[in-house]
Amino acid sequence: MIAYATESCFGLGCDPFDVRAIRRLLAIKARPNHKGLIVIAANLEQLRPLIRPLTPAQLAVVNRYWPGPYTFLLPAAPRVPALLRGRHDKIAVRVTAHGEAAALCLALGHAIVSTSANRAGQRSLKTARGCRQAFGARVLTLQGRIGKRRKPSTIIDLDTGRVLR
């Protein structure tokens, strides 16, 4: 379990295929299991194990927005843990434009879960110090600077074009 800087706040993350870590993350946040979680990556290749193959038209759309602050709901690959999807058949994914978060994904060699570092219903934490105070030894907090965005990423259902956030 790690806390790390993202575009607008610190995020909590773990390996998206580690169900024990996902359970732990949800417990730390007191987040309901049915909501699902966002996964970020340094590039589209890191997302491929999580999503079903995209059509050329779908690729053209996501490539217009990525890297950037746009999270897309895409059809989840069969092996994606249910806790990651929540009650949905899609998964929320983003190729991040935040240099430190992208470098973290590259260093780990895979995409990571990315949910705001806070307990459900509370304000997102903006500093490593705040994360250390809130989570203590339960979370490894990495030094870093958040980006300049004031709002979390925009979430778009790729199939419908509907903006959910």
Side-chain angles (χ1 to χ4, degrees), residues 1-118 120 124 139 142 146-147 149 151-165:
M1 188 74 49
I2 56 175
Y4 57 94
T6 70
E7 293 90 342
S8 65
C9 65
F10 264 70
L12 285 179
C14 63
D15 182 329
F17 289 104
D18 185 337
V19 174
R20 281 185 43 200
I22 295 169
R23 277 194 194 108
R24 195 165 148 234
L25 183 146
L26 292 169
I28 287 170
K29 278 189 65 85
R31 182 182 172 92
N33 294 358
H34 70 273
K35 285 190 165 187
L37 295 161
I38 294 172
V39 176
I40 65 167
N43 53 54
L44 182 59
E45 282 306 307
Q46 289 188 326
L47 294 174
R48 291 202 191 278
L50 297 156
I51 60 175
R52 292 188 183 270
L54 300 177
T55 67
Q58 290 171 321
L59 276 172
V61 172
V62 297
N63 284 331
R64 273 200 314 252
Y65 291 91
W66 285 344
Y70 295 93
T71 297
F72 283 96
L73 295 179
L74 300 177
R79 68 179 273 230
V80 168
L83 282 176
L84 201 55
R85 293 188 331 268
R87 65 177 172 214
H88 316 283
D89 59 353
K90 295 180 180 176
I91 184 167
V93 293
R94 175 172 78 250
V95 173
T96 183
H98 187 272
E100 292 175 25
L104 176 61
C105 292
L106 289 172
L108 292 172
H110 58 78
I112 56 174
V113 171
S114 186
T115 184
S116 59
N118 61 302
S124 301
V139 174
L142 305 178
I146 64 170
R149 284 190 58 85
K151 296 180 181 179
S153 66
T154 301
I155 300 177
I156 303 167
D157 186 319
L158 184 61
D159 289 338
T160 66
R162 184 170 161 230
V163 176
L164 305 170
R165 176 176 79 185

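This is a predicted model, so every value here is computed, not measured.
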Given side chains that start at C-beta, do those of Leu25 and Ile28 come closer than 4.5 Å, heavy atoms only? no
Under 3.5 Å: donor-acceptor pair, side chain of Arg31, backbone of Gly36: yes
Pairwise side-chain contact, Leu59 with Leu44, heavy-atom cut-off 4.5 Å (strictly under): yes
Quick one, Tyr4 with Ile112, criterion side chain to side chain contact (heavy atoms under 4.5 Å, CB included). Give me CA distance, side-chain angles, the key distance, then yes/no. CA-CA 11 Å; Tyr4 57 94; Ile112 56 174; 3.4 Å; yes
Contact between Pro49 and Arg79 at the side-chain level, heavy atoms closer than 4.5 Å - yes or no? yes
Between the side chains of Arg94 and Thr71, is a donor N or O closer than 3.5 angstrom to an acceptor N or O? yes
Taking the side chain as C-beta and beyond, is there a heavy-atom pair between Thr6 and Thr96 under 4.5 Å? no
Between Gln46 and the options Ile40, Leu106, Leu108, the side chain to side chain contact (heavy atoms under 4.5 Å, CB included) test singles out Leu106
Within a radius of less than 6.0 Å around CZ of Arg165, do more than 12 heavy atoms belonging to other residues, nucleotides or ligands occur? yes
Hey, does Val61 have a side-chain heavy atom less than 4.5 Å from the side chain of Tyr70? no
With no hydrogens and no angle check, is any side-chain donor or acceptor of Arg52 less than 3.5 Å from a backbone partner on Ala76? yes
Determine whether Leu26 and Leu37 satisfy the following criterion, side chain to side chain contact (heavy atoms under 4.5 Å, CB included), listing intermediate values before the conclusion. CA-CA 9 Å; Leu26 292 169; Leu37 295 161; 4.1 Å; yes
Determine whether a donor-acceptor pair (N or O, by modelled atom type, separation under 3.5 Å) exists between the side chain of Arg20 and the backbone of Arg23. no
Main chain of Leu54, side chain of Gln58: is a donor-acceptor contact present, judged purely on distance under 3.5 Å? no
Do Pro81 and Phe17 make a side-chain contact, defined as non-hydrogen atoms from C-beta onward lying under 4.5 Å apart? yes
Just to verify, which of Val62, Asp159, Val95 counts as forming a side chain to side chain contact (heavy atoms under 4.5 Å, CB included) with Phe72? Val62
For the backbone of Ser116 and the side chain of Lys29, can you confirm whether one donor and one acceptor N or O come within less than 3.5 Å of each other? yes
Could you check whether any side-chain heavy atom of Leu50 comes within less than 4.5 Å of a side-chain heavy atom of Leu84, counting everything from C-beta outward? yes
May I ask you to test the Ile155-Ile38 pair for a side-chain heavy-atom distance under 4.5 Å? yes
